[in-house]
Amino acid sequence: MSIKRILTITAAAAAVGVALAGCTAADPTAAPSSSASMEKIVIGSQAFSENEIVAEIYAQALETAGYSVERKFNIGSREVYIPAIESGEVSLLPEYTGGLLQYFDTKTTLKTAADIYGALPALLEPSGLAVLDQSTASDEDSYNVTKAFSEANNVTSLSDLSALKIPLTVGGNSELETRPYGPAGLLSIYGVTVSFTSIEDYGGPLTVKALNDGAVQIADLYTSDPAISKNGFVTLSDPESLMVANNVVALINKASFPKDAKGVINSVNAKLTTAGLVQINTESAAGDSPATIAAKWLKANQVG
Amino acid sequence: MNFLTDAIAWISNPALHEGANSLTARIGEHLGYTFGAVLIGALIAIPLGILVGHTRRGAGIAVTFTGGLRALPSLGVLILIALSVGIGFQAPLATFVIMAIPPLLSGTYAGIHAVNPATVDAARAMGMTPLQVIFQVEFPLALPLVMAGVRSAILQVVATATLAAYVSGGALGVYIFSALARRDYTQMLAASLIVIALAFALEGLFALLQRLARPHGTVVLPVK
């Protein structure tokens with residue numbers, strides 16, 4: 001290897017290093033600069049598009065109402081953003097009730113939207129956190145079948161499954177196999193025996209295809225997934241509340257979030273529905289920016 | 001607390017060795033992918049490599065083609081194929097065949113190409129037909145490098161066959177993906193140790209075969 005070649009490689013490696021360092025400089029959880037005024041509301045979001053768009057809706061609604069906001073989106077998992085909101089670096093973040101409850105109480109057995117929302121304030125209080133009104137919009141696990149399967153077997157609810165005499169296979173991410181709402185829960189609550197096929201794309205296109213192909217009869221998809229209506233899937237109703245409710249709710253830091261701004265967020269959540277989330281995700285998949293989608297949603301729902 | 005002893009305890013748990021989903025069945029699936037993909041890959045790549053090496057034509061295309069195949073991200077290829085053929089074993093097998101072809105093709109091509117032209121001329125001068133030249137002179141002399149290609153393909157596939165579980169294809173990746181979802185690092189380590197052990201065992205076996213493939217009366221220079 002010639003000296004010149006070694007130098008070239010070294011220079012290239014250094015350039016990559018500098019580029020990577022540049023990425024880390026924009027750490028969304030970094031402490032706020034001292035120049036930030038007290039009135040500025042810092043809004044965070046989780047690291048996926050649906051949550052980021054809801055955060056953007058909150059941001060635009062607050063801006064319209066005359067507040068100054070700062071966006072710190074894409075903060076990643078609860079292990080990262082919960083400490084950030086506890087410390088006050090972030091004052092507002094769109095959350096999901098079930099997931100939030102399980103973070104603060106890993107042993108919880110609550111499942112319905114009302115029970116979970118009722119349990120949250122007491123759990124969040126010691127950390128200086130609170131939730132505002134919960135919306136009806138939910139992004140939770142659901143069991144889905146094809147329209148053809150639903151019609152041929154007359155199945156629209158999980159409670160219809162136990163009467164079927166055909167072998168049933170559930171497709172979902174491998175963690176579903178050991179979750180309380182997985183095959184064990186289907187057996188204990190609905191009396192249905194199913195076998196399990198793991199498909200590791202979290203209800204993504206492979207899972208959708210497996211359901212369409214008949215490789216599985218039942219697939220675990222998120223309720224806000226546009227693929228459900230696009231493929232004409234039937235989401236089986238869950239009368240015994242096997243699935244843990246996961247409604248959109250605004251999580252705030254009680255000290256840093258201005259009390260008079262609560263009404264703005266509550267008026268957004270009052271209009272947010274699961275169909276609205278599906279619409280948001282459809283537009284996001286089509287490539288629209290969060291700002292465009294949020295503005296469109298606010299206009300359509302006459303909020304702000 | 002010791003991950004390694006926990007992992008070994010996990011492997012020796014008797015419950016793991018029973019039923020249709022036993023560890024033995026998963027190892028069988030893993031080896032099935034490995035040998036199946038390399039066998040299918042060999043049926044495609046070795047004739048192609050002989051052709052390119054013997055005719056000395058299309059070498060540039062072969063090199064570019066194998067280089068391009070090597071650069072493909074295997075998980076991406078797997079998902080793309082699975083999106084057209086569905087979940088199960090077909091998509092992983094096709095992916096692993098694609099991964100096995102470059103080392104097999106370049107090993108065969110290089111082996112044939114490296115045969116001394118004087119030897120080939122001598123064979124022709126003795127009146128050998130082109131097929132006789134290939135099968136009695138060039139291929140036997142190229143065999144050590146062909147086997148090096150096989151050995152490299154086997155290692156490549158055995159290490160990557162864990163991806164099959166992403167599309168419900170079974171094999172040892174099942175343990176790794178389910179451990180990832182539940183943050184069960186003991187199980188993840190245990191499954192990885194089994195994959196490593198398989199890779200070492202196959203590497204040893206094929207190193208031996210490569211040595212046996214050396215024709216009598218020839219000296220193979222150490223590969224740089």
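Computed from a predicted model, the values in this text were never measured in an experiment. Just so we're on the same page: letters track the sequence lines, and every chain starts at 1.
For the set B/A82, B/G169, B/S168, the count of heavy-atom pairs under 4.5 angstrom toward chain A peaks at B/S168. Among A/G204, A/S174, A/P205, the residue making the largest number of heavy-atom pairs under 4.5 Å with chain B is A/S174. Chain A forms more heavy-atom pairs under 4.5 Å with one residue of B/V167, B/I79, B/I87 than with any other, namely B/I87. Ranking A/L176, A/T197, A/D201 against chain B, the residue ahead of the rest is A/D201, based on heavy-atom pairs under 4.5 Å. Most heavy-atom pairs under 4.5 Å with chain B: of the set A/A215, A/G171, A/S198, A/A210, this distinction falls to A/S198.
The closest side-chain donor-acceptor pair between A/Q217 and A/Y143, if any, does not fall under 3.5 angstrom.
For A/D213, the part lying under 4.5 angstrom from a heavy atom of chain B is the side chain only. For B/A165, the part lying under 4.5 angstrom from a heavy atom of chain A is the backbone only.
Ring-centre distance between B/F3 and B/W10: not below the 6.0 Å cut-off.
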List the steps, then state whether side chain to side chain donor-acceptor pair (under 3.5 Å) holds for A/T223 with A/D225. CA-CA 6 Å; A/T223 47; A/D225 185 349; over 6 Å; no
Show the numbers, then the answer: is there a side chain to side chain contact (heavy atoms under 4.5 Å, CB included) between A/L120 and A/L100? CA-CA 8 Å; A/L120 281 173; A/L100 186 61; 4.1 Å; yes
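Residue A/Y96 is tested with A/Q102, A/E140, A/E50, A/R78 for a side chain to side chain donor-acceptor pair (under 3.5 Å); the sole match is A/E50.
Counting heavy atoms from C-beta on, the side chains of A/K111 and A/M243 never come closer than 4.5 Å.
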